[in-house]
Amino acid sequence: MLKNWKWSNIRKVAHWEFFKTLRSNTFLILTFVIPLLIIGAGVIGFFTQNGGDREIVPEGHELKIVVVDNTDSFYPFLEDHLKETSLDISQFEGTEAEAKEEVKNENYEGLLLFDQQSLMESGEISYFSEEFQNINTHVLKETLQQPILEYRLQEIGLSKYESREAAKPLQIKTQTVEGHEPDLMANIAELVTPLALAMILIFAVIFTGQVLMYGVIREKKNRIVEILLSSVSSRELMLGKVIGFGTLGLFQVVIWATVGLLVANFFWDIMQFINLREALPSLLIFIFGYLLLASLFATVGATMKEAEGGSQTQGLVIMIPMIPLFISGPIIMTPDAPWVRILSFLPPFNPVASLLRIGATDLPAWEIGLIILVLIISALLVIYLGAKIFEGAILQYDRTLSFGEIRKMFK
Amino acid sequence: MKEILSVNNLTKSFAGKTVVNNISFDLQRGNIMGLLGPNGAGKTTAIRIIMGILHADKGKVNFYFNGTNSSMDKTKIGYLPEERGLYDDAKVLETLVYLASLKGMPREKAQKEGTQWLERVGLSEYANQKLEKLSKGMQQKVQFIAAILHHPELVMLDEPFSGLDPLNQEFIKDTIRELQREGLTIIISAHQMNLVEELCDSLVMINKGRQVLSGKLAEIKGGYREHKVKVYHSEIENTSFLQNMPDIVIEKREQHRTIFRYSGANNINELLQNICGKITVEEIIVEKPPLHDIFIQTAKERGEDVEELEMEQY
């Protein structure tokens with residue numbers, strides 16, 4: 001299959017496609033608008049995620065909550081734990097009605113009311129406020145849980161020391177049978193990197209794959225394909241296009257990923273989840289998986305007459321490789337199940353399925369090598385089929401090929 | 001003179017319809033050959049097969065670039081397809097350099113000579129413009145340059161004159177003659193036979209995929225017995241006597257002019273003397289019939305359907 005391929009021709013086509021598209025307005029907009037969106041999403045995400053905590057304890061403004069303790073004995077329990085919370089809690093010296101008036105006058109942002117019945121029986125603690133959107137009840141609950149438990153234990157007869165010991169929060173210590181403590185960060189990194197790559201793969205293919213497909217449709221439509229095929233073979237042309245657009249797509253992904261990582265690392269400590277050694281097989285699968293999916297798009301483009309027709313078919317084509325992403329749960333839970341193994345070798349599911357598997361389990365080197373080999377072979381096969389269709393479709397400038405016609409080309 | 005191309009029994013069918021049927025010809029190095037026939041005759045399919053873009057069902061195409069039978073070398077062939085098209089969003093000179101580089105020409109050389117060609121065809125100011133800004137005629141000139149920029153040994157021009165105004169048609173004709181002087185071998189496919197006739201050394205005429213006529217232009221015309229005679233005279237002259245003369249078919253009788261075809265075995269000089277003896281002739285033009293007429297007549301003689309031919313009249 002490769003014997004008649006002139007690499008100099010493939011390189012020239014790839015070079016042309018890369019730089020022609022690189023300078024196009026569509027590419028420039030897409031490449032630089034997406035990072036802006038990433039930055040925007042990062043900023044919004046950061047403030048949204050931290051919103052509850054931040055709102056309740058904003059910089060320089062702690063949420064002031066006043067306590068009315070009708071038991072006359074609970075507040076000391078609470079006071080012992082106040083250093084562990086970010087809330088500004090203090091006891092009110094007055095009646096419940098006076099405290100409510102203070103909250104109403106915005107001297108305090110909230111009022112907590114404790115009495116024997118709510119502490120010992122119902123467990124329902126009343127909180128009064130004028131601004132409920134500021135309340136993160138989770139933080140409030142976390143602050144009150146421990147002192148209430150200690151208070152209850154003391155009420156049923158334990159000493160202060162005993163009740164504190166008995167109420168100590170539970171902790172689970174995980175370790176391997178050899179006694180090593182697991183590196184939780186490394187485990188997350190193993191899953192996050194391939195999963196992120198699987199997502200990026202799909203996005204990259206959606207964006208650059210369609211540029212590639214439209215490029216093929218346009219070359220057919222504006223008739224230049226005949227001039228090109230008088231100089232290079234259809235296979236050289238297809239492979240050159242796939243490599244050119246593939247490199248461009250990867251270049252675009254590198255820009256997006258760099259901006260994404262910088263933004264993520266600015267707001268969160270994301271680098272702890274990145275394991276470059278573990279990421280290498282995933283990166284190779286990503287690159288060759290991209291090659292396969294991009295070839296698929298170019299092949300579909302070769303059968304199309306109009307970009308409009310192309311976009312509908314593109315929708316179908318993109319759905320098929322995405323299927324493993326929809327069933328990522330079972331794949332991650334049972335990465336060595338026979339059906340998952342088959343899926344990770346079966347084009348066009350293999351790029352996404354194998355990325356998910358590699359995140360969920362430790363694949364042996366031979367299996368990773370085999371997956372990559374299958375990806376390369378299937379990509380070349382798709383390019384070969386695409387070239388064959390391209391060749392046969394030259395005379396069909398003004399119409400989309402039917403499946404019957406495509407079938408005949410391979411007879 | 002040595003052959004550069006030999007085509008033997010080329011046959012190609014699409015969906016059961018034979019569009020090229022047993023076409024054979026040899027092309028001599030440095031010659032211009034016309035591949036002539038009406039629209040839909042199979043010229044473009046034949047050229048695509050020769051170019052290696054399509055595969056023949058039957059037959060063989062042999063190239064002799066180095067004097068011996070060699071495989072097809074796309075870098076030595078230039079091609080102007082019938083279906084015109086270039087990258088709308090790419091710059092003119094960049095496109096020329098890219099297409100020439102695919103033909104193996106070094107980029108710097110292509111850049112230099114591409115610029116010279118653009119100057120020559122009056123498009124130098126568009127070198128760095130996108131192709132979409134050029135008119136159709138201008139784009140066609142750019143495509144013509146793309147076909148010859150890399151100094152091919154053999155050029156195939158499929159309908160090079162279609163869509164061009166008379167001025168540009170003349171320009172292309174002059175350039176073709178110049179390329180021939182430089183030693184290029186050229187195949188011109190055309191349905192406008194009058195435009196090609198004056199350029200060709202040899203021709204192959206096809207109709208409905210079949211080869212109707214082929215050979216050297218001079219021999220084809222020389223072997224054709226018929227003459228076309230145009231007699232210019234004053235309005236008082238009566239040329240009705242011509243109707244009764246043998247082997248004469250009147251085509252047109254006007255006040256000052258009578259046009260007829262003569263296919264007699266006798267020397268035409270005798271006929272001309274006879275006419276001059278009967279009327280006062282102002283001017284007389286005798287010529288072999290144009291290729292268009294030869295084509296129609298030959299096709300008719302072969303029993304082919306000539307009514308359906310979409311011949312461009314001139």
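Quick note on labels: first sequence line is chain A, next is B, and so on, each numbered from 1.
Residue B/His150: no heavy atom, backbone or side chain, is found under 4.5 Å from chain A.
How far CG of B/Leu10 is from CZ of B/Phe25: 8.0 Å, rounded to the nearest 0.5 Å. The CG atom of A/Leu239 sits 7.0 Å away from the CG atom of A/Leu380 when rounded to the nearest 0.5 Å. Here NZ of B/Lys60 is found 8.5 Å from CG of B/Asn8. Values are rounded to the nearest 0.5 Å.
The two atoms that bring A/Leu375 and A/Ile285 nearest to each other are CD1-O, 3.8 Å, heavy atoms only.
Using a 4.0 Å cut-off between a side-chain N of Lys or Arg and a carboxylate O of Asp or Glu, A/Lys20 and B/Asp89 qualify as a salt bridge.
Side-chain atoms of B/Met33 and B/Gln28, non-hydrogen and from C-beta on, never get closer than 4.5 Å to each other. B/Lys43 places a side-chain heavy atom less than 4.5 Å from the side chain of B/Ile206.
Scanning for salt bridge (Lys or Arg N to Asp or Glu O under 4.0 Å) contacts around B/Glu182 gives an empty result, with sequence neighbours left out. Residues satisfying the ring-ring contact (aromatic ring centres under 6.0 Å, His included) test with B/Phe65, not counting sequence neighbours, are B/Phe63.
Close approach to chain B, defined as a heavy atom under 4.5 Å from one of its heavy atoms, is seen in no residue of residues 245-254 of chain A. Annotation: residues 93-132 of chain B contacts chain A through B/Glu94, B/Thr95, B/Tyr98, B/Leu99, B/Ser101, B/Leu102, B/Lys103, B/Gly104 [non-hydrogen atoms, separation under 4.5 Å].
Of the N and O atoms on the side chains of B/Thr11 and B/Asp57, not one donor lies less than 3.5 Å from an acceptor on the other residue.
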